[in-house]
Amino acid sequence: MALLLSLAAALPEVPSVHAESAAETDTGLPVRTALEVAAMWRSHMNPKSDFSRPFAVAPSVSAPYAPGTLKAEYLQDGLNALNFYRYISGLPSDVATTGELNRSAAYGAVLLASQGKFGHEPPQPSDMPDDFYKQGYASTSSANIFASFGYDNHILFSSIEAYMEDSDTSNLDRLGHRRWILNPPLKYTGMGLAKGKDEFSYSVLQVFDRSRTEPVGYQYIPYPARGAFPVEVFKPTTAWSVSVNPDEYAEPSYSSVKVVLKRTRDGRTWRFGAGRYPVSESGIYFNVENNGYGTGPAIIFRPDGVGEYKPGDVYEVRIDGLKDLEGSAKSIFYTVSFMSAKNPAVKFSDTARHWASQTIDWAAERQIASGYPDGTFRPGNTVTEAEFLKMFTVAIGAQITPTQRWSDAYYAYASEHGYALRGLRDTSLQSKPINRTAVAELFASAAGQQLAGEDAIRFMLDHGYSKGKTSATVAGYLGKDTLTRAEAVQFIKNAVDANYSTQLN
């Protein structure tokens with residue numbers, strides 16, 4: 001049994017950073033890959049401390065009252081969980097605790113535990129000194145708070161999970177705990193814990209901080225996040241949320257906002273808008289919440305009949321009825337690709353028996369190539385010059401500044417670094433299939449060799465970056481042949497395996 005409460009307050013926001021994709025609306029935040037999420041899961045979501053012995057100094061929840069001190073490793077487990085959720089949402093994941101805020105949270109936890117009065121404004125026990133009560137009240141009135149029966153798990157770690165879930169009947173309409181944790185300006189926090197005579201453990205998370213000095217540019221913060229998102233932290237009863245930046249969007253109206261959620265594997269679609277949505281533990285729900293939880297208003301929705309979110313599921317989200325600050329209509333469109341953080345391997349429905357199956361999985365895991373919304377890879381499709389350029393630049397680790405038209409960013413990078421591409425001279429060729437000679441010229445130029453035609457092909461063969469198509473000769477390279485998607489990723493993997501390097505590297 002667990003309980004949690006969060007407060008609202010008005011905080012300022014922030015300004016723009018990084019994302020990708022053409023049709024989707026840029027969040028302004030990094031889009032995490034499946035491998036990045038899995039790595040963060042391994043490092044941050046496996047608590048290591050002994051949760052049955054959390055205290056370096058135990059608190060006293062009766063007179064004489066005393067705030068406890070949590071062990072450093074126990075605190076770190078809770079902090080790791082908080083930063084994991086911020087990371088997968090594209091936000092800075094460097095939130096730290098401070099001694100002052102930890103001490104404040106410790107006072108708040110003791111106040112809650114002293115009487116078992118769970119709330120942000122607990123009364124003062126008759127035997128509690130005024131100064132102690134004042135510090136405890138200052139804590140609980142500016143924090144997320146959580147109550148759990150007993151010490152049967154890691155309370156701090158579990159509290160962060162509960163705050164992010166936030167979809168019980170007491171919190172569904174606002175998701176305040178989640179929005180405080182995903183508040184962009186958050187930089188410092190404090191955590192406290194105390195166990196009451198009622199056998200409930202009470203924890204406090206100080207969340208009203210806004211110390212982050214560097215700007216976090218964003219348009220909106222979706223949860224689950226755009227891109228790869230782990231099924232391990234998202235249940236069928238969990239509500240979806242989109243917090244919009246009030247510096248970019250006018251306050252959304254419940255009567256105007258419309259949301260369409262589509263599962264691509266079977267086309268099932270849910271539509272949300274003004275209507276009657278009773279708060280419940282499960283089932284369909286919709287709300288637009290404009291109070292001050294974290295930064296910015298939130299659009300909240302939950303589909304019914306999902307069953308479970310499965311690795312490989314792709315959901316499309318479209319939100320209409322929004323306006324910018326000048327009153328012009330705005331829409332948001334993005335996709336969420338569910339994956340397993342414990343087993344992040346990417347699988348496609350049409351590659352299991354394909355000759356390049358392992359290479360396709362390799363490329364997908366590294367975000368060199370991606371599948372289609374219906375879960376296919378379509379390995380036999382031809383690759384355009386623009387598509388191959390994107391695969392290439394991702395494979396070499398290039399840092400790309402996004403542009404409104406996705407391919408422009410990659411061509412700007414190619415031009416800056418002197419890449420030989422026919423589409424730089426004639427933009428109509430960017431959308432045409434690339435041939436193997438053009439691939440060789442790109443590889444050679446990126447390595448600092450301005451070679452064309454057969455000279456570029458010899459460069460590929462001499463360095464072992466290609467073994468040719470029918471033989472390791474210029475003729476056997478078949479330079480006029482175009483590439484399929486499978487051949488393109490195999491080409492890149494062969495070069496990587498042969499230690500291909502560019503001037504950038």
Side-chain angles (χ1 to χ4, degrees), residues 11-33 36-37 40 83-95 164 175 178-187 210-229 240-252 257 259 288-290 292-300 315-326 328-337 367 370 390 393-394 398-410 412-413:
L11 285 183
E13 325 65 38
V14 274
S16 193
V17 201
H18 156 149
E20 48 192 78
S21 183
E24 298 190 28
T25 310
D26 187 4
T27 61
L29 299 169
V31 178
R32 307 304 185 191
T33 69
E36 288 172 336
V37 171
M40 197 68 170
N83 279 318
F84 171 80
Y85 286 102
R86 286 179 63 89
Y87 178 84
I88 63 175
S89 300
L91 293 165
S93 54
D94 59 352
V95 175
M164 293 303 298
L175 304 180
R178 179 190 298 175
R179 289 158 67 188
W180 278 119
I181 288 175
L182 299 184
N183 190 25
L186 180 64
K187 177 70 174 180
R210 50 185 180 188
S211 299
R212 188 172 298 281
T213 56
E214 69 278 18
V216 181
Y218 74 102
Q219 298 292 316
Y220 63 100
I221 303 169
Y223 189 88
R226 181 178 166 220
F229 195 86
W240 297 55
S241 62
V242 175
S243 295
V244 296
N245 188 340
D247 281 349
E248 302 290 340
Y249 292 86
E251 184 175 283
V257 172
V259 178
V288 175
E289 215 288 328
N290 289 315
Y293 295 92
T295 297
I299 299 156
I300 301 164
Y315 283 75
E316 297 175 345
V317 180
R318 182 175 182 87
I319 303 175
D320 293 310
L322 299 169
K323 293 183 178 180
D324 63 19
L325 299 181
E326 284 71 47
S328 299
K330 294 193 74 170
S331 296
I332 288 174
F333 175 74
Y334 66 96
T335 60
V336 178
S337 301
Q367 297 291 296
S370 58
K390 180 178 179 180
T393 51
V394 171
Q399 298 299 310
I400 301 297
T401 301
T403 53
Q404 187 169 6
R405 181 173 177 265
W406 70 269
S407 59
D408 287 348
Y410 296 95
Y413 182 89

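Side chains included, hydrogens not; waters and symmetry mates left out as well; all remaining heavy atoms used.
Partner W240 forms a side-chain contact (heavy atoms from CB on, under 4.5 Å) with one of V259, V317, L175 and no other, that one being V317. When each of L29, V216, N245 is checked for a side-chain contact (heavy atoms from CB on, under 4.5 Å) with P184, only V216 meets the rule.
Rounding to the nearest 0.5 Å places CE of M164 at 5.5 Å from CZ of R178. Between atom CG of residue L91 and atom OH of residue Y85 there is a gap of 14.5 Å, rounded to the nearest 0.5 Å. Summarising the geometry, atom OG1 belonging to T213 is positioned 7.0 Å from atom NZ belonging to K187; distances are rounded to the nearest 0.5 Å. In this structure, L186 CG and D94 CG are separated by 9.5 Å, a value rounded to the nearest 0.5 Å.
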CA sep, side-chain torsions, deciding dist, call: Y218, T295, side chain to side chain contact (heavy atoms under 4.5 Å, CB included): CA-CA 11 Å; Y218 74 102; T295 297; 3.2 Å; yes

Steps toward side chain to side chain contact (heavy atoms under 4.5 Å, CB included) verdict (I221, T27): CA-CA 7 Å; I221 303 169; T27 61; over 6 Å; no

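Here R32 pairs with nothing under the side-chain hydrogen bond (donor to acceptor under 3.5 Å, both in side chains) rule; sequence neighbours left out. For D320, the side-chain hydrogen bond (donor to acceptor under 3.5 Å, both in side chains) test picks out R318, S331, with sequence neighbours left out.
Using a distance-only test at 3.5 Å, with no hydrogens or angles considered, no donor-acceptor pair links the side chain of N290 to the main chain of P297. A distance-only check finds a donor-acceptor pair linking the side chain of T25 to the backbone of F333 [under 3.5 Å]. Panel note: side chain S328, backbone D324; no donor-acceptor pair is recorded below 3.5 Å.
Residues V95 and R212 meet the side-chain proximity criterion, which asks for heavy atoms closer than 4.5 Å. V257 has its side chain within reach of L322: a pair of non-hydrogen atoms, C-beta onward, lies under 4.5 Å apart. Residues R86 and P92 form a side-chain contact, since some pair of their non-hydrogen atoms from C-beta on lies under 4.5 Å apart. Residues V244 and I332 are in side-chain contact: their nearest non-hydrogen atoms beyond the backbone lie under 4.5 Å apart.
Residue M40 comes nearest to S93 through the heavy atom pair CE-OG, 4.1 Å, listed as atom of the first residue, atom of the second, then distance. Nearest heavy-atom pair, D247 versus L325, reported as atom, atom and distance to 0.1 Å: O-CD1, 3.1 Å. The two residues A409 and I400 have their closest heavy-atom pair at CB-CG2, 3.5 Å. Looking at every heavy atom in both residues, R226 comes nearest to D26 through NH1-CA, 4.0 Å. Heavy-atom minimum distance, N183 versus G294: OD1-C, 3.5 Å. Contact detail for Y410 and T393: the closest heavy-atom pair is CD2-OG1, 3.1 Å.
In this model, no donor atom of one side chain and acceptor atom of the other lie less than 3.5 Å apart for S241 and R179.
You'll find the ring centres of Y220 and Y249 outside the 6.0 Å limit.
The aromatic rings of F229 and Y223 sit perpendicular, their planes meeting at an angle over 60°, well past the 30° parallel limit.
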